[in-house]
Structure formats: structure tokens, C-alpha cells
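What follows is a short report on a single structure.
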Amino acid sequence: MVTAAHIQEALAAEADPAKAAHLQGFFKTGKGQYGEGDLFRGIRVPVLRKIAKRTKAVSLTETITLLKSAYHEDRFVALVLLTMAFAEADDTTKSQIYRLYLSHTQWINNWDLVDTSAHKIVGPYLENRDRSILLELARSSLLWERRIAIISTLHYIKSDEYGDTIAISTVLLRDPEPLIHKAVGWMLREVGKRNLQVEEDFLQQHYRSMPRTMLRYAIERFHEPIRKAYLEGRV
């Protein structure tokens, strides 16, 4: 039987202290930064995904044990395992995974962890259910729950549903965190790839008061003259 300990042994075998030092800087683990105190083994994402694929027989209980690890890569693998399990699960198990996910958000505590999992678990689970929990998450005091709220809507964007993205973006317009500004801008850009009018309607209403980073991310793919006009407040 595959256990969290077995997976951690495989991860330890791939550890690279030099890469770990670099990643701890990249993911802002210094005092007062968003990833303060996080520990890294120094393993590249493709290797992490390979380890997840070959250990996918692990139970949900052991996966949650892995999710509670002090090491960032362990938590990443746990979340990949949860997304794979969710994709193959029956409705009862999908509900269990969804509940486990939202009850362990304190360990889904960096942008890459959210971005690899929220739109593959929370988004699909709520597709035909009441989605008001997304607005609750968007108003959470926990940065990562707010990011989960907006990134989860990527699932709906891919189905040409934009209402949740727009509603949550509106809630997050005054968010103090740059990581939220980036996430909202990214999701608005994804909306614009599929329906530019929906994105521009939102921007026309809010671009003058949006955080600068959010706006820059949202208009990244616009033609240069239009992009410049938005940045200069001339639209």
C-alpha cells in the first residue's frame, strides 16, 4: 500500500539543496513575505508530477497526511494526487475530496498550490451546484482562500461562463494583496481570450480604480495602442 511516508522517501531522493535555496527566494519565504517559513526540497515540477502519477494508488487519508507536510513539494504532490483522484471519482468521492480540500486550505498556501488545483476540484464540483461559497471565499481573511475563489472560475471560463469570474473580480477589486491582483487580472485576460466584449465591459467600468498590476495583467494581450490608452486613462 502506498503511504505518505513512501511518497516522501521518493521526494527526498530527488532533493537538491541548491535548487531549494533558489525556490525559497522565488516563493518569497522570508520574514513578512507571503510564503514566510515555507520549506523546499528543490525538485522541479515535471519530476513532482511523475512521482504523483506513479503513486496515484495512495488513499485519501494518506494524501491528506502528505498535504500537511512542512515541505512545499510534498503539498504540491498531494494536490496533484487530489486532482487526479477527483477526475476519476464517483459523485460520493468527489464530494469527499471537495470537502477535504476546503477544510485544509491552510496547507494550500502558495500561489502554485492554488493554481494547480482549485479549477480542477472546486470549479468542477460546483458546476451544477450553488456557487455562493465562491463569494464567501472571496471575502475570506485568508489570502489563499481568496485566490482559490477566483482561480476556481477558470473552469467556467473554459465553458464560456463568465458571470462568476466577473462577480468575484468585483469583490476583489480593493484587495490589498498583489497575488490577488495578478490572479484577477489573469482570469479577466482568460475571459477576454474567449469573449473580449465581456472583459472590456468590466474594464470600462473599473479600469480607472483597479490596482495597476491587475489592469496590466488583464490587458496584456491587447494591441499596443489600446493597452497604452488603458494605462493612460484615455479609453
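Everything numeric in this text was worked out from a predicted model, so none of it was measured.
- Residues F202 and V191 are not in side-chain contact: their nearest non-hydrogen atoms beyond the backbone lie 4.5 Å or more apart.
- Checking Q24 against D38 by side-chain atom types alone, no donor-acceptor pair falls below 3.5 Å.
- A donor and an acceptor atom, one from each side chain of R49 and T116, are located under 3.5 Å apart.
- Under the 4.5 Å side-chain heavy-atom criterion for Ile, Leu, Val, Met, Phe, Trp and Tyr, Y71 and L67 are members of distinct hydrophobic clusters.
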Q. Please walk me through it: do I148 and I151 pass side-chain contact (heavy atoms from CB on, under 4.5 Å)?
A. CA-CA 5 Å; I148 286 169; I151 298 300; over 6 Å; no
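- Counting heavy atoms from C-beta outward, L231 and I219 have side chains that approach closer than 4.5 Å.
- Put simply, Y34 and L23 are part of the same group of oily side chains (I, L, V, M, F, W, Y) that touch within less than 4.5 Å, one to the next.
- To the nearest 0.5 Å, atoms CG (L102) and CD1 (I133) are separated by 6.0 Å.
- Between L126 and Y156 the shortest side-chain heavy-atom distance falls below 4.5 Å.
- With a 4.5 Å cut-off on side-chain heavy atoms, L79 and W107 do not count as touching.
- A donor atom on one side chain and an acceptor atom on the other are found under 3.5 Å apart for N109 and R75.
- Looking at D74 and K68, no side-chain N of the basic residue comes within less than 4.0 Å of a carboxylate O on the acidic one, giving no salt bridge.
- Inter-residue side-chain proximity for L60 and L82 is flagged as met; some heavy-atom pair is nearer than 4.5 Å.
- The cluster map of Ile, Leu, Val, Met, Phe, Trp and Tyr, joined by side-chain heavy atoms under 4.5 Å apart, puts V114 and F27 in the same cluster.
- The structure places CG of L135 at 9.5 Å from CG of L172, a figure rounded to the nearest 0.5 Å.
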**Report entry** Chi angles and distances behind the side-chain contact (heavy atoms from CB on, under 4.5 Å) call for L179, W144
**Finding:** CA-CA 9 Å; L179 283 176; W144 308 116; 3.5 Å; yes
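- For the residue pair S209/H206, the side-chain donor-acceptor check at 3.5 Å is not satisfied.
- Both I97 and L81 sit in one connected hydrophobic cluster of ILVMFWY residues. Membership requires side-chain heavy atoms under 4.5 Å apart, directly or through other members.
- In this structure, F26 and W111 have perpendicular ring planes: the angle between them is above 60°, well past the 30° mark.
- Under a 3.5 Å cut-off, the side chain of R194 and the backbone N or O of I157 do form a donor-acceptor pair.
- The minimum heavy-atom distance linking T153 with I150 is given by the pair OG1-O, 2.7 Å.
- Nearest approach of Q8 to S69, heavy atoms of both residues: NE2-OG, 3.5 Å.
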message: Is there a side-chain contact (heavy atoms from CB on, under 4.5 Å) between K228 and R234? Walk through the geometry before answering.
response: CA-CA 8 Å; K228 186 175 180 181; R234 297 185 287 102; 4.1 Å; yes
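- Between E177 and R147 there is no salt bridge, since no side-chain N of the basic residue sits under 4.0 Å from a carboxylate O of the acidic one.
- By the 4.5 Å heavy-atom criterion applied to side chains, H155 and P124 are counted as neighbours.
- Side chain of E73 to backbone of R41: a donor-acceptor contact under 3.5 angstrom is found.
- A heavy-atom distance below 4.5 Å is not found between the side chains of N195 and D160.
- Taking CG of L143 as the reference point, atom CG of D175 lies at 7.5 Å (rounded to 0.5 Å).
- No donor-acceptor distance shorter than 3.5 angstrom exists from the side chain of T93 to the backbone of A89, with no hydrogens or angles considered.
- A side-chain donor-acceptor contact under 3.5 Å links D112 and H72.
- Side-chain contact between E14 and I51 is present, with at least one heavy-atom pair separated by less than 4.5 Å.
- The side-chain tip of R189 does not point at the ring of F222 from less than 6.0 angstrom away and within 45° of straight on.
- Panel note: side chain N110, backbone L113; no donor-acceptor pair is recorded below 3.5 Å.
- A side-chain N or O of D201 and one of Q197 form a donor-acceptor pair less than 3.5 Å apart.
- Residues S132 and D130 bring a donor and an acceptor atom of their side chains to less than 3.5 Å of each other.
- A salt bridge does not link D16 with R44: every distance from a Lys NZ or Arg NE/NH1/NH2 to an Asp or Glu carboxylate oxygen is 4.0 Å or more.
- When each of E200, E199, E220 is paired with L188, the side-chain contact (heavy atoms from CB on, under 4.5 Å) condition holds for E199 and for no other.
- Side-chain N or O atoms of S95 include one that pairs as donor or acceptor with a backbone N or O of D91 at under 3.5 Å.
- The backbone N or O of L100 lies less than 3.5 Å from a partner atom in the side chain of H104, making a donor-acceptor pair.
- A distance-only check finds a donor-acceptor pair linking the side chain of T65 to the backbone of T61 [under 3.5 Å].
- Both tests do not hold together for K94 against Y125: distance to the six-membered ring centre under 6.0 Å, angle to the ring axis within 45°.
- Heavy atoms only, all atoms of each residue included: V80 and A52 are closest at CG1-CB, 3.6 Å.
- For R221 (side chain) and E190 (main-chain N/O), no donor-acceptor pair under 3.5 Å exists by modelled atom type.
- With hydrogens and angles disregarded, a donor-acceptor distance shorter than 3.5 Å links the side chain of H6 to the backbone of M1.
- Distance check: L142 CG to L137 CG gives 9.5 Å after rounding to the nearest 0.5 Å.
- Within the model, atoms OG of S152 and CG of D164 stand 10.0 Å from one another, a figure rounded to the nearest 0.5 Å.
- Between the OG1 atom in T165 and the CG atom in L154 there is a gap of 8.0 Å [rounded to 0.5 Å].
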message: Applying salt bridge (charged side-chain N to carboxylate O under 4.0 Å, His left out) to K56 and E88, what does each step give before you reach the verdict?
response: CA-CA 11 Å; K56 61 183 291 188; E88 298 176 358; 2.8 Å; yes
M210/Y207 under side-chain contact (heavy atoms from CB on, under 4.5 Å): CA gap, chis, key distance, verdict: CA-CA 5 Å; M210 288 170 68; Y207 83 94; 4.2 Å; yes
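- Checked by atom type, the side-chain pair Y101/S117 shows a donor-acceptor distance below 3.5 Å.
- Side chains of E145 and T105: a donor on one and an acceptor on the other come within 3.5 Å.
- Listed here is the closest heavy atom pair of P176 and R146: CD-NH2, 4.4 Å.
- Using a cut-off of 4.0 Å between Lys/Arg side-chain N and Asp/Glu carboxylate O, R131 and E161 are scored as salt-bridged.
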